[in-house]
2 protein chains.
Amino acid sequence: MVRTARFTEDDFIEAAMSLVAEGGPTAATMQAIARRTGAPTGSIYHRFDSRSAILGAAWNSAYASFTGALAPLLHQRQAREAALAILPWAEANPRRAAFLLLHDPVSLFEDSPPPPTQRQALDRLETAFDAAFRACIAPATDDETLARARFLIFDGPIAILRPSLSRALPPPPHAARLIADLHAGMPVAA
Amino acid sequence: MVRTARFTEDDFIEAAMSLVAEGGPTAATMQAIARRTGAPTGSIYHRFDSRSAILGAAWNSAYASFTGALAPLLHQRQAREAALAILPWAEANPRRAAFLLLHDPVSLFEDSPPPPTQRQALDRLETAFDAAFRACIAPATDDETLARARFLIFDGPIAILRPSLSRALPPPPHAARLIADLHAGMPVAA
DNA sequence: CGCATTCCAGAACGTGTAGTCTAATTGGCA
DNA sequence: TGCCAATTAGACTACACGTTCTGGAATGCG
């Protein structure tokens, strides 16, 4: 290292995340990232091969953070606690949460897919997290139980969280009550 | 009328809807709409002032269809039946459902908002539907009850429906059971 | 039969995009 | 002090996009 770097990879990842969180995938143009970080576009391409590479890195980072918060609870077969854990995670990682949960991933990579290396890393993250999820509901493996658990642990809580996420507000106090009631009235193990 | 029209407004609306349903808002470019309908771009501009006008018309049409299917049930205070009615509606209107429920509306109009006329028409649809929703949960008006009901009637069922919507498949048989269980374990009137 | 009107048709324009290229700057090290 | 690789810097290219423009084709009416 012979010259001190003014910009790190994380600077660009953070900028891309918050731009997507605020204005959707198309808001994260290279020039918008450059403006937000104060870097010229050339410096971004010095760190990343392409725009998809930045978005892919951001996605993997946010996904790893999310699954890292939930996987231990799933392995302990605590479905309710895992669902509730989404709230403090989102409050502690507002940009990551809005980036990951608010916008549709298909729009992120529709123009060009992320580099194969990142795609493989994401595949590993996904299979590891899927294993945790299946461990939580084992021994059931039928489609209905899977869909039910996916709704109770992920999609339901995320739907409850979405209104406050899209307003960049912390989860309201009744969000936790809603999720708890959801699990009380409709247990994962039917 | 002096020359028979080869393309109608609905041709372009339908094309825009299915393009968005399949590939997100950015997939519905004017050239993509032109390709799908077989029309040159000039013919599209003969029917619509702008791209936002097409997307706005598509949105209003889909929203009107959706609320038209649910509002009567809400006025009869049948929250459970309204939530369940989303399934047959989505099965009967697969393109509209995927267009309306799968993708984030903020990405649709982020570049340029729809024409004021359409915006006002949508406002009217929204206030009318909100009145139906409030009639369903009256006399409660507190935030928690509103959020709870919104989740039970709309966001929850939509989250249950989303996986099959994004695969362009009809709702699986267990979707109705899931929604029914949701309302059985967690009634709107707490 | 030709005129007026409606519509089709697609080339052309300006803008904003992702990505490239070349040069200038920086700072540890011999 | 002078070298050299890492990094910044931003002009530049090629392209896709939304939109406009001009011309031609069709059809009801007099």
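Throughout, protein chains are lettered first and strands after them, A, B, ... in sequence-line order, and every chain is numbered starting at 1. Below, all heavy atoms of this structure are taken into account, side chains as well, without hydrogens, waters or symmetry copies.
Residue B:Phe48 contributes atom CZ, which lies 16 Å from atom C1' of D:dT19 at whole-angstrom precision. Atom C1' of nucleotide C:dA12 and atom OH of B:Tyr45 are separated by 14 Å, given to the nearest angstrom. Residue A:Ile54 contributes atom CD1, which lies 11 Å from atom C1' of C:dG19 at whole-angstrom precision. Rounded to an integer number of Å, the gap from B:Arg35 CZ to D:dG18 P is 10 Å. Rounded to whole Å, atom P of D:dG18 lies 14 Å from atom CZ of B:Phe109. Atom pair A:Arg47:CZ and C:dT20:P shows a separation of 17 Å (rounding to whole Å applied). C:dA18 atom C1' lies 12 Å from atom CG of A:Leu55, rounded to whole Å. The CD atom of A:Gln31 sits 15 Å away from the P atom of D:dC12 (whole-angstrom rounding).
The side chain of A:Thr41 has C:dG19 as its nearest neighbour among C:dG19, C:dC8, D:dT19. You'll find that the side chain of B:Pro40 is closest to C:dA9, out of D:dA9, D:dT20, C:dA9. With C:dA9, D:dG10, D:dT19 as the choices, the nucleotide that has an atom nearest any side-chain atom of B:Ser50 turns out to be D:dT19. Considering only the side chain of B:His46, C:dC7 comes nearest among C:dC7, D:dA9, C:dT20.
At the heavy-atom level, B:Ser112 lies nowhere under 4.0 Å from the strands shown.
By the neighbour-count criterion of 12 heavy atoms within 6.0 Å, atom CG of B:Asp49 is sparsely surrounded, having that number or fewer from other residues, nucleotides or ligands. For B:Asp143, the CG atom is loosely surrounded, since the number of other residues' heavy atoms within 6.0 Å does not exceed 12.
Within the 4.0 Å cut-off from OP1 or OP2 of C:dG27, at least one side-chain nitrogen or oxygen of A:Thr4 is found. Within the 4.0 Å cut-off from OP1 or OP2 of D:dT8, not a single side-chain nitrogen or oxygen of A:Arg6 is found.
Residues B:His174 and B:Leu178 meet the side-chain proximity criterion, which asks for heavy atoms closer than 4.5 Å.
Under the 3.5 Å distance criterion, the side-chain polar atoms of B:Gln118 are matched with a main-chain donor or acceptor of B:Ala53.
Between A:Glu22 and the options A:Arg36, A:Arg95, A:Arg167, a salt bridge (Lys or Arg N to Asp or Glu O under 4.0 Å) holds for only A:Arg36.
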